[in-house]
2 protein chains.
Amino acid sequence: MKKITIGEASRQSGVKVPTIRYYEGIGLLSAPSRSEGNQRSYEPTDISRLVFIRHARELGFEVDAIRTLLILQDDPNQSCASADAIAKARLIDVEQRIRSLMALKVELEAMVAGCGHGRVDQCRVIEVLADHGQCAHNHH
Amino acid sequence: MKKITIGEASRQSGVKVPTIRYYEGIGLLSAPSRSEGNQRSYEPTDISRLVFIRHARELGFEVDAIRTLLILQDDPNQSCASADAIAKARLIDVEQRIRSLMALKVELEAMVAGCGHGRVDQCRVIEVLADHGQCAHNHH
DNA sequence: CCTTGCACCTCTAGTCGCTAGAGGATGTAG
DNA sequence: CTACATCCTCTAGCGACTAGAGGTGCAAGG
């Protein structure tokens with residue numbers, strides 16, 4: 001059981017060093033034991049936890065949601081209904097975001113396509129921003 | 001030329017009152033004249049500017065980008081190449097975001113579909129988070 | 001043994017784009 | 001004249017980090 005430094009934990013988990021300390025500060029990760037010289041010393045389980053957190057963050061889960069998911073993970077007898085609900089909520093959020101971004105894409109494409117590369121007073125980019133009524137996809 | 005209060009400006013532009021003050025503070029909007037009792041008094045051009053800013057924010061442009069766009073708008077003789085570049089950069093960003101969100105959607109759908117609504121130790125939501133190698137769409 | 005130099009420590013402040021609240025002044029309608 | 005809405009300034013908070021200052025620990029080379 002060799003000690004894992006925070007730098008090593010960072011390399012193994014893909015979570016940056018200051019972020020690991022930040023997660024400890026907000027209580028997402030429990031405080032590890034310390035070396036004689038007061039340096040953090042992690043266990044393999046801490047690495048798994050960090051990987052778990054990183055994946056969840058990559059999937060856009062908020063820290064509060066991750067906190068709940070971690071509690072669930074620690075108690076395997078519990079019903080996974082909460083985990084399911086969190087994931088479903090996240091899915092709905094992602095779908096909503098995709099829809100708005102698609103709408104934005106349409107507007108931006110129209111703006112860029114309409115730009116004749118001339119002077120600003122003929123520029124559709126500026127024009128559309130000044131008067132939303134001229135938008136391709138008027139969503140107000 | 002009746003005076004426009006900040007509340008009226010807010011109603012007409014769709015930008016919240018504290019946000020208008022905030023925009024003034026960061027120099028997006030020039031400080032308006034004041035009434036005898038030190039209350040802000042806006043001109044119709046200020047409303048147009050606020051509308052411009054709101055549309056740009058709705059399209060996800062950052063404040064710095066909007067600052068540039070506003071400078072361009074104020075000088076109609078300039079080439080619109082910068083405006084075009086800003087809009088194009090934004091379009092590329094939006095397209096990138098859509099791509100990542102679609103990938104997330106696939107993963108989340110797999111997680112949710114795999115959840116048998118049993119106990120946590122059989123829950124795919126938790127499982128996938130703990131071991132990214134099991135992801136439907138492994139993007140590491 | 002000693003120095004070099006990197007990795008570690010704590011703490012504070014900054015990022016972005018607002019939003020909320022305190023505590024007080026002004027303006028308007030009845 | 002009194003309510004009451006709206007306005008003012010100022011500071012602090014949000015989420016999820018990131019950056020930097022100023023100091024300590026530790027392993028390897030000379």
Side-chain angles (χ1 to χ4, degrees), chain A residues 2-29 31-42 46 49-50 52-70 86 89-90 93 97 100 104, chain B residues 2-29 31-42 46-47 49-70 86 89-90 93 97 100 104:
Chain A
K2 53 176 189 276
K3 62 192 169 183
I4 304 172
T5 66
I6 196 168
E8 195 43 40
S10 170
R11 247 160 275 133
Q12 284 182 33
S13 67
V15 179
K16 288 186 199 149
V17 169
T19 307
I20 295 177
R21 286 196 279 251
Y22 168 73
Y23 286 159
E24 184 185 323
I26 61 167
L28 216 47
L29 196 68
S33 58
R34 299 287 185 126
S35 77
E36 238 180 275
N38 196 34
Q39 303 203 347
R40 286 170 182 81
S41 176
Y42 292 95
D46 295 317
R49 208 167 173 90
L50 279 170
F52 185 100
I53 296 170
R54 183 169 65 81
H55 291 164
R57 288 294 300 130
E58 281 171 4
L59 289 168
F61 288 98
E62 292 177 4
V63 164
D64 258 8
I66 297 174
R67 218 185 293 273
T68 308
L69 290 169
L70 284 167
I86 290 168
R90 180 73 194 127
D93 182 45
R97 267 168 216 267
S100 348
L104 293 190
Chain B
K2 55 178 191 272
K3 63 194 168 183
I4 304 171
T5 66
I6 196 167
E8 194 44 40
S10 171
R11 248 159 275 133
Q12 284 182 33
S13 67
V15 179
K16 287 185 198 154
V17 169
T19 308
I20 296 176
R21 286 197 279 252
Y22 168 73
Y23 286 159
E24 184 185 323
I26 61 168
L28 260 199
L29 197 67
S33 58
R34 298 288 184 124
S35 77
E36 238 179 278
N38 196 35
Q39 303 205 346
R40 286 171 182 82
S41 177
Y42 291 95
D46 294 319
I47 309 298
R49 208 167 172 91
L50 279 170
V51 168
F52 185 101
I53 296 169
R54 182 169 65 82
H55 291 164
R57 288 295 300 132
E58 281 171 4
L59 288 168
F61 289 97
E62 292 177 4
V63 164
D64 258 8
I66 297 174
R67 217 185 296 271
T68 308
L69 291 170
L70 284 167
I86 290 169
R90 178 73 193 125
D93 182 46
R97 267 168 216 267
S100 343
L104 293 190

If a pair satisfies side-chain hydrogen bond (donor to acceptor under 3.5 Å, both in side chains) and one of its residues is in residues 13-26 of chain B, list it, with sequence neighbours excluded. B/E24-B/R40
Phosphate contact (C/dG17 OP1 or OP2) by B/R67 side-chain N/O below 4.0 Å: no
Looking at residues at least two apart in the chain, or sitting in another chain, which of them share a side chain to side chain contact (heavy atoms under 4.5 Å, CB included) with B/D64? B/R67
Are any of the side-chain heavy atoms of B/I53 and B/L28 separated by less than 4.5 Å? yes
For nucleotides 22-30 of chain C, 5' to 3', base contacts (B), sugar-phosphate-only contacts (S) and non-contacts (-) with protein non-hydrogen atoms under 4.0 Å give ----SS---
Span of DNA chain D engaged by chain A, first through last nucleotide within the 4.0 Å heavy-atom cut-off, is D/dA16 to D/dC26
Is it true that A/R49 and A/D46 have a side-chain N and a carboxylate O under 4.0 angstrom from each other? no
Side chain B/S41, main chain B/R34, donor-acceptor under 3.5 Å: no
note: A/R34, atom CZ; C/dC8, atom P; distance rounded to Å ~ 12 Å
Find the distance between NE2 (B/H55) and CG (B/L69) and round it off to the nearest 0.5 Å. 14.0 Å
So if I take residues 12-24 of chain B and measure heavy-atom distances to DNA chain C, which residues fall below 4.0 Å? B/K16, B/T19, B/Y22, B/Y23
OG/A/S100 to CG/B/L59 distance, rounded to the nearest 0.5 angstrom? 11.5 Å
Distance, nearest 0.5 Å, that separates CD1 of A/I20 from CG of A/L29: 7.5 Å
Measure the spacing between CZ of A/R90 and CG of B/L104 and express it to the nearest 0.5 Å. 6.5 Å
Qualifying salt bridge (charged side-chain N to carboxylate O under 4.0 Å, His left out) pairs, either residue in residues 6-15 of chain A, two or more places apart: A/E8-A/R11
